[in-house]
Amino acid sequence: MAGVRALGSLSRLTTRRYTLFPARTHVNYEIKGDVAVVRMNDPNSRVNTLSTQMQREMTEVMDEIWGNNAVQSVVLISSKPGSFIAGADLNMIQACTTAEEVTGLSQEGQRMFEKVEKSPKPIVAAINGSCLGGGLEFAISCQYRIATKSKKTVLGCPEVMLGLLPGAGGTQRLPKMLGLPSAFDMILTGRSIRPDKAKKMGLVHQLVDTLGPGLKSPEERTIEYLEEVAVEAARGLAKKQIPLTKEKGLMQKIQDYVMSYPFVRQQIYNTVQNKVMKQTKGLYPAPLKIIECVKAGVEQGPTAGYLAESQHFGKLAMTPESKALIGLYHGQVTCKKNRFRTPEKDAKTLAILGAGLMGAGIAQVSVDKGFHTILKDTTLEGLSRGEQQVYKGLNDKTKKKSITSFERDSFLSNLTGQLDYNGFNKADMIIEAVFEDLSIKHKVLKEVEAVIPPHCIFATNTSALPIKDIAAVSKRPEKVIGMHYFSPVDKMQLLEIITTDKTSKDTTASAVAVGLKQGKVIIVVGDGPGFYTTRCLAPMLAEAVRVLQEGVDPKKLDGLTTGFGFPVGAATLADEVGIDVAAHVAEDLGKAFGSRFGGGNVEVLKTMVEKGFKGRKSGKGCYIYQPGLKRRDVNTEALEILESYKLTPNAAVSSDSDIQYRLVSRFVNEAVLCLQEGILASPVEGDIGAVFGLGFPPCLGGPFRFVDSFGADKLVEKMRKFEEVFGNQFTPCQLLLDHAKDPSKKFHK
Amino acid sequence: IKKTLAKPGVKNIVLVDGVRTPFLQSGTIYADLMPHDLARAALQGLLNRTGLPKDAVDYIVYGTVIQEVKTSNVAREAALGAGFSDKTPAHTVTMACISSNQAMTTAVGLIAAGQCDAVVAGGVEFMSDVPIRHSRRMRKTMLSLNKAKTLGARLSLLGSIRLAHLAPELPAVAEFSTAETMGHSADRLAAAFGVSRLEQDEFALRSHTLAKKAQDSGLLSDVISFKVPGKDIVSKDNGIRPSTMEQMAKLKPAFIKPHGTVTAANSSFLTDGASAVLIMSEEKALAMGYKPKAYLRDFVYVSQDPKDQLLLGPTYATPKVLEKSGLTLNDIDVFEFHEAFAGQIMANLKAMESDWFAQTYMGRKTKVGAPPMEKFNSWGGSLSLGHPFAATGCRLVTTVAHRLQKEGGQYGLVAACAAGGQGHAMVIEAYPQ
């Protein structure tokens, strides 16, 4: 894509000289009677982006059309089946080195869309597929929008998720078009809006159905049909048979009336601001700037609004938060690809052992992807609970209308619940999710290997047991692999795949292929106690226990961690993971890694487990959980246990900030050590694993990007200070020291 | 051309005769009847027409789509009411718009298997009255009320009723699996095959014009007169209304707004009506002194995607049944296709004419070809005569027999689409005159 950009700027320079030969590759148009149909198709990409090249060609084409007297109206459409315009070209922004340059890009976009908005010939945006970011801003500057009802058609401004804002008029046009509340919701959440909702909101004027097989492929014919309908609409608009302004409904009139009072608007700004502060702890600058831009436009008029938008856009693009979020976006794209070759055999039938939370969760994300899925448990009660979980997961989707009840039923027909090994002789992959106990895992593995076909892969879903230990009893260790899912499986995007040195490449390729089909973001790591994710989390939780033992209240600890950017506080996280699991892992990894994994006393956790405080699942952990109650009180009995293991804090390393860095530095150091030891293949996977699996602050972009932006030297300095007090738990690893010594060393280029 | 499709060792099965009540727009003269009344009229009409002794029938099969819950086995109620022997068993089948085709092929099966010699098949649809139900919540409350023992329990149940529970549930001509109405699917199908509004209106006008001509020249001899209690004698279909292209062009789209192409004028309308046929083994028919009208030969049922190919049944069924019979499209002299929507017929004709479609979606090497229009539905069709869902199949078969007699020719082909993405086709051979 950098190549595309280079090409773009080059052709911008050259076309001034050779305007007679505009070699257009991205945009072309055809005149159908009195309607110009402008078609976009980026030949170098699966989706259209507003690259320099696309913008230049679009400007040329539009100028020609505006100057052509035979044309009365325009249809803007993409020739790509799944994408109208997926957004601006990120590389274009990333290639800029100053805020002013980015502001310049924004202003170019604003000018272009202003011309579109003021076009004397009505322009119809015919939308099929993703219409996001700059694509949406283009569409909303057109006079009329028609969208297909395709599942691929989504409208939205995801800029905020990249730490940016809609920089080509989005913050100015959306409030006018949708009203303040809807506009704020759309711009601040970045959520994708489906066609039916878009029609209801007034974001599009007309919907077009998708077509099935005809004399051409459904995709091709649907685009043609959209074009036909759009051409008719364009004619109607030019002849003023279709009015541009819709009669406002009663609710709309009331809303407009209420909004005409400045104090009402002020109230909205305040409410939105407070909500943003509460959710982001002020760690993300983009949402606050978005509010400012909208406010400037509404209160001071368009000139001030557009200026604020372009300037804030420029500034945001230079923030570390935006760079971190864009890095995560690229990382996620990378981790959605199979870097291993295509597996020899396509896995079609999965058999999942254990219908607990994990097993049923894995079943749920498999059946709706077309896997024939066997769910096996040892008891009827367990099986029934698990099947109910799958049903409920899918039925909730039906209630939210993301799938129909018929789709739900047909997905469920892929599920076979059973207590025996019947049908395992046809399984392509076993995913074992039984209790985390080596002897049980061994027993299951032996039982299963007796009934499965030779090609069948045995994947074990464990969060800490080394895969080679589990594979030790296998007759075919090359078929054994770890697939570490995160709970709840249907919500958590990450899948950590663990290979031993005996795991074959084809087994890995197959596991990745299955995971990708299940919709997961995948990191593939080496084997070892705790692999990557659990191994990073364990020292941080050990530190959290020590902090609690030092008398810090769980609520305070949560505040400190979320204040650093973790979506879930450390104490709450322990409750969610399960205190018993945490104790188990702490003990196992403590044995494997020694004193480096020390910190808090494991006995604290063990005592809590003995008293039944296993976390959320048992109703009590660090907090007390009551069904139906959102408010949680600290579990005073847990505090009593902590009291009995009380440690005296050392004032030199116990400020709020110290506590935050004690927690984070241990996490980060362990991550870097994983890269050093080859557990991790790349920093990208390390960042993705930490953010998507463990909730490492997204605004920091993951442990590796954090080291890059924070400075390895500064981090080492902090760790040395803690090391003096606590010892080897804070000894920086060699790779981190290397980076500290040489500031030019970066994990991310 | 094959001279006959008779096969050694296989029983010849014949259509002795077929009748139907006039097909009326729902909510008109039949409005106060019940479905089995219409079915009764068709059965009695068949008895009158054929002079069949009531106890000579071995079995009765009837089709219906929208069921009247009081007469869920409408075949039995109608047979008893029509005075058939109470010793003649009867059952009801349902397969959407090909329900009476299913009734007829069930009869063929019974005879071929040697279980029966004379079977009456038919179909009835009554759209003037459809079951409108209470909401599920309300039904649940009412059923619990039956079981409540104490006054307190009853009062508390009654107290739980909310205004919203009283909203009734209306039946819709929609697919259960996709929740899409058939008209909506037809409009999308027409668009997928690039069928224009003009083509659809022209085809609908053709259907009405041909039906009117057939009605006026007395070709619709399968229609029997029916004295409706409290009303006049009805002896004609009342939905045939040839209009002009200009007038049809004025109508707004009925399902997809504002840019759809399917309108009330180019769709079949809600219809009340019933039909019945007498099917026998050839031996039995001859032994009873009948002169059969046609042989019923090979038939197929097909099914495909209920969302995007809901109404493409004829396209899939036609080549399959022709292959089975060893015939080609050129061997067929008379085509009777069910016209659900003009757009659906035009889409099917285009699909049958497309090599690409045959190769991509049907796994065939070449297209089957579209029927020549001069042989196609030349006495009108469902668009103009009306379409009482479960009664249409018998009308199609009887019409083929009558057209073969009138126009000459050896073979006729019936094809129809049905909800659920299903379809049917049958080859009919003229009986030597």
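Atom set for the values below is all heavy atoms of this structure, side chains included, hydrogens, waters and symmetry mates excluded. Every chain is numbered from 1 and lettered A, B, ... according to where its sequence line falls, protein lines coming before strand lines.
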**Message:** Determine whether a donor-acceptor pair (N or O, by modelled atom type, separation under 3.5 Å) exists between the side chain of T153(A) and the backbone of K151(A).
**Reply:** no
**Request:** Say whether, by atom type as modelled, one donor and one acceptor occur between the side chain of R188(B) and the main chain of D209(A) under 3.5 angstrom.
**Result:**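 Not confirmed, R188(B) side chain does not pair with D209(A) backbone.
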**Asked** Side chains of S384(A) and E387(A): is there a donor and an acceptor less than 3.5 Å apart?
**Response**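 S384(A) vs E387(A): no donor-acceptor pair found between side chains.
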**Request:** Could you have a look at G260(B), A179(B), A192(B), P258(B) and say which one has the most heavy-atom pairs with chain A under 4.5 angstrom?
**Result:**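 The answer is A192(B).
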**Asked** Between I256(B), D308(B), T360(B), L312(B), which shows the greatest number of heavy-atom pairs under 4.5 Å with chain A?
**Response**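 Answer, by heavy-atom pair count under 4.5 Å with chain A: D308(B).
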**Prompt:** So which part of Y361(B) gets closer than 4.5 Å to some heavy atom of chain A, the side chain, the backbone, both or neither?
**Reply:** side chain
**E407(A) and K397(A) ion-paired at < 4.0 Å** =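 No.
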**Prompt:** So which part of Q206(A) gets closer than 4.5 Å to some heavy atom of chain B, the side chain, the backbone, both or neither?
**Reply:**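 Contact with chain B is through the side chain of Q206(A) alone.
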